[in-house]
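Input: a single structure, listed below in structure tokens.
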Amino acid sequence: MTTYVLVPGAWHGAWVFEPLARGLRRAGHEAYPLSLTGVGGRRHLLTPSVNLDTHIDDVANLLLDEDVRDAVLVGHSYGGMVVTGAADRLPDRVEGLVYVDAPVPEDGQSLWSLVTENERAWYLGGTSAHGYTSAPLPFFDPRATPHPLASLLQAVRLEGGLERFRAKSYVYAAGWPTPSPFTEVYERLAGLPEWRTYSLDSGHNVMRDAPEELLEVLLGHGEPA
């Protein structure tokens, strides 16, 4: 049995991962889809102080509270920043990492520094009147909620590298209608033997567009190639 911790991207809550979590549970695994502080079902906790460190705490505290010691951390989009920071915080509790169309940051990088001008315009285009949230895009699911802007701007601080983790997978969404901000990272990781990489015929919301393919990737994560 594997324990999967499923971390959504910006503006999205645990609901985006719940169908996938049900599939993992049917296969005999544990699955914890999260709503990060200030977003989704925890939107009532949104304040100007919520940032990337807050969201890393969300994941780290779940690992400690549930006494998880074999976690596979799955991060979609912005969630890649969060799972990287959480794995660095508690490496002895993390077995592997799966990045789903997400950044794979190094120390000192932020999501803002890793995306294109197009995505930066998305982040700022719907900034709230009070200035500390980014509004969901009009075509998002109605359940999407404002996201704390500080978390998109804050750089991650890491003590070590990803070589500490045995199993690492990257899922690339090949169906962006505009140039993907994650093409470079996918192409770089595809050339590294310690990574498994997958290119899916999907838009950025892989959980919606290619749910069965993504489930298959997660169920095969960590198995011998």
For the side chain of [X] and the backbone of [Y], is there at least one donor-acceptor N/O pair under 3.5 Å apart?
X: R196; Y: G220; result: yes
X: E213; Y: L200; result: no
X: W11; Y: S134; result: yes
X: R43; Y: G40; result: yes
X: S77; Y: G79; result: no
X: E119; Y: T116; result: yes
X: T84; Y: G80; result: yes

Which pair of non-hydrogen atoms, one from [X] and one from [Y], has the smallest distance, and what is that distance?
X: S35; Y: A14; value: OG-N, 2.9 Å
X: L114; Y: M81; value: CD1-SD, 4.2 Å
X: L149; Y: G131; value: CD2-O, 3.9 Å
X: L20; Y: P211; value: CD1-O, 4.2 Å
X: V50; Y: A150; value: O-CB, 3.6 Å

Are any non-hydrogen side-chain atoms of [X] and [Y] less than 4.5 angstrom apart?
X: L137; Y: W122; answer: yes
X: V5; Y: L34; answer: yes
X: H55; Y: P148; answer: yes
X: V94; Y: V68; answer: no
X: V104; Y: L189; answer: yes
X: V74; Y: Y99; answer: no
X: E30; Y: R25; answer: no
X: T3; Y: V72; answer: no

TODO: Can you sort out the partners of W112 under ring-ring contact (aromatic ring centres under 6.0 Å, His included), two or more places apart, ordered by chain and number?
DONE: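 Listed in chain order: nothing, the list is empty.
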Task: For Y172, all residues meeting ring-ring contact (aromatic ring centres under 6.0 Å, His included), sequence neighbours excluded - done: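 Partners of Y172 by the ring-ring contact (aromatic ring centres under 6.0 Å, His included) criterion, ordered by chain and then number, come out as Y186.
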Describe, in one word, how the ring planes of [X] and [Y] are oriented to each other, choosing from parallel (under 30°), tilted (30 to 60°) and perpendicular (over 60°).
X: H147; Y: Y78; answer: perpendicular
X: H76; Y: F17; answer: perpendicular
X: Y4; Y: H29; answer: perpendicular

Would you compute the distance between atom [atom1] of [X] and atom [atom2] of [Y] and round it to the nearest 0.5 angstrom?
X: E187; Y: T197; atom1: CD; atom2: OG1; result: 10.5 Å
X: D67; Y: R69; atom1: CG; atom2: CZ; result: 4.5 Å
X: T145; Y: H12; atom1: OG1; atom2: NE2; result: 9.0 Å
X: L90; Y: I56; atom1: CG; atom2: CD1; result: 10.5 Å
X: T37; Y: H44; atom1: OG1; atom2: NE2; result: 9.0 Å
X: L162; Y: E106; atom1: CG; atom2: CD; result: 9.0 Å

Open item on the list: Is it the case that over 12 heavy atoms from other parts of the model lie below 6.0 angstrom from the CD atom of E159?
Closed with: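 Not buried by this count: 12 neighbours or fewer within 6.0 Å.
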Under 4.0 Å between a side-chain nitrogen and a carboxylate oxygen: does that hold for [X] and [Y]?
X: E95; Y: R166; answer: yes
X: D88; Y: R164; answer: yes
X: R42; Y: D58; answer: yes

Determine whether the side chains of [X] and [Y] contain a donor N or O and an acceptor N or O closer than 3.5 Å.
X: H221; Y: S169; result: yes
X: T54; Y: N51; result: yes
X: S49; Y: Y132; result: no

Open item on the list: Here's a test for you: under side chain to side chain contact (heavy atoms under 4.5 Å, CB included), which of D101, D141, V16 qualifies with N205?
Closed with: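 Going through D101, D141, V16 one by one, the side chain to side chain contact (heavy atoms under 4.5 Å, CB included) with N205 is satisfied by V16 alone.
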TODO: Pick out which of V98, V100, V185 makes a side chain to side chain contact (heavy atoms under 4.5 Å, CB included) with Y170.
DONE: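 Testing Y170 for a side chain to side chain contact (heavy atoms under 4.5 Å, CB included) against V98, V100, V185 leaves exactly one candidate, V185.
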